[in-house]
Protein chains: 2
Amino acid sequence: MKASQGVEWGLHLCMLLAFAEPHQTVDATSLAEYHELPLPYLRKILQALTRAGVLESVAGPTGGYRLARSADQITFLDIFSAVEGDQNAFRCTEIRQKGPTGLDQKCYPAACAIAATVWAAEQAWRDHLAGVSLFDITDGLTALAPPGQHELAITWLTKHTRA
Amino acid sequence: MKASQGVEWGLHLCMLLAFAEPHQTVDATSLAEYHELPLPYLRKILQALTRAGVLESVAGPTGGYRLARSADQITFLDIFSAVEGDQNAFRCTEIRQKGPTGLDQKCYPAACAIAATVWAAEQAWRDHLAGVSLFDITDGLTALAPPGQHELAITWLTKHTRA
DNA sequence: GGTAATGTGGATATGATATATCCACATTAT
DNA sequence: ATAATGTGGATATATCATATCCACATTACC
């Protein structure tokens, strides 16, 4: 089981944008350079985050991306779901209904107990991700002893943000 | 993010074997027929479960597979890890160290806060899976109103188990 | 000891999906 | 009008899950 690279990119880039001033945007090219990511594919990730309502996009010469709401209102689950989709990782194909002991479909009113158990575990995972916001991390980072990377990030942002 | 089919197969087949008498084995061909699974690939899954110590294999004409220990000592996590491996789904590639604000590697004594957060969520998921054993499910199934599928399974087992 | 039935491990083929790229178009500041 | 930007579709490539086969080791039975 493997999460896509885009999740890591999305989390780090949203974290970066959380340090920017509200309403200011950063263009995709700058974002790609910041973490040395392939620009064409990164655009897909940014579009997914925009469609999901995590980011806002602004077209035009001074356009770019910014958080769609305040950092404390964006959770890790929001970003994860935006990139990966919200399908369960475990897919029940109802193999219990197959084979020599399989019964007619109407004999299975309740969900497969095995699938239900695994899905409950996935819910625990989602609950944890939903409990952490971008602000929770930025807040923790600024509490670390300088010179921290977040200060470099803020300096970098002053050169790459547009009104 | 997607879990492999083998996990579903492993869970259902271990559940089936939990209904068998201790020391009795079921051969791979019968197991494949029970859920209409492709035999050659199923063998790989059974081998993985055996390597991980979830199942025991017996070679020879009356050979086959059986649980390596009692059903209450085998958790969903045991089976999941046996098939999927124990790597984290989220892979941190340390993109924080790359780009214009990247620092020398020795400047990063602590783990990436983003990766740590996601991995903590994965741990919550594992904790949940580790808290459910095969016995927990079989015990719940036999409490359901008959005629239940587990009774058909037990009948089927009497014709496909070997001493 | 021979034979047949089983599991094991390696090699390989196939298919699905993530990753990556490109292009025509819409939007907007200057 | 021009240039810089984001959008969406189409497509190529790479990676991994899925699936299959084969030579071999093990063991019950004759």
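Chain letters run A, B, ... following the sequence lines, proteins first, then strands; residues in each count from 1.
The separation between B:Gln47 atom CD and C:dA11 atom C1' is 13 Å, rounded to whole Å. If you measure from atom CD of B:Glu36 to atom P of D:dT18, you get 18 Å, rounded to the nearest angstrom. If you measure from atom CG of B:Leu37 to atom P of D:dA19, you get 9 Å, rounded to the nearest angstrom. One atom, CG of B:Asp27, and another, P of C:dT6, lie 5 Å apart when rounded to the nearest Å. Distance, A:Leu46 CG to D:dG8 P: 13 Å, rounded to whole Å. Atom pair A:Leu31:CG and D:dA4:P shows a separation of 18 Å (rounding to whole Å applied). Rounded to whole Å, the distance from CD1 on A:Ile45 to C1' on D:dG6 is 15 Å.
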(message) Counting primed atoms plus P, OP1 and OP2 as sugar-phosphate and everything else as base, spell out the protein contacts along nucleotides 16-30 of chain C at 4.0 Å heavy-atom distance: B, S or - for each nucleotide, 5' to 3'.
(response) ---BBB-----BBB-

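Atom CG of B:Asp104 has more than 12 neighbouring heavy atoms from other residues, nucleotides or ligands inside a 6.0 Å radius.
Note on B:Thr29: every side-chain N or O is 4.0 Å or more away from OP1 and OP2 of C:dT6.
B:Thr75 has its side chain out of reach of B:Leu129: every pair of non-hydrogen atoms, C-beta onward, lies at least 4.5 Å apart. Side-chain contact check for B:Asp136 versus B:Asp72: every heavy-atom pair is 4.5 Å or farther apart.
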For residues 48-67 of chain A, please give each side-chain donor-acceptor pair under 3.5 Å, one per line with the distance, not counting sequence neighbours.
from, atom 1, to, atom 2, distance (Å)
A:Thr50, OG1, A:Leu46, O, 2.8
A:Glu56, OE1, A:Arg66, NE, 3.1
A:Arg66, NH1, A:His23, O, 2.8

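Checked by atom type and distance alone, the side chain of B:Asn88 never pairs as donor or acceptor with a backbone atom of B:Phe90 at under 3.5 Å.
Applying the salt bridge (Lys or Arg N to Asp or Glu O under 4.0 Å) test to A:Glu94 and every residue at least two apart in sequence or in another chain returns A:Arg96.
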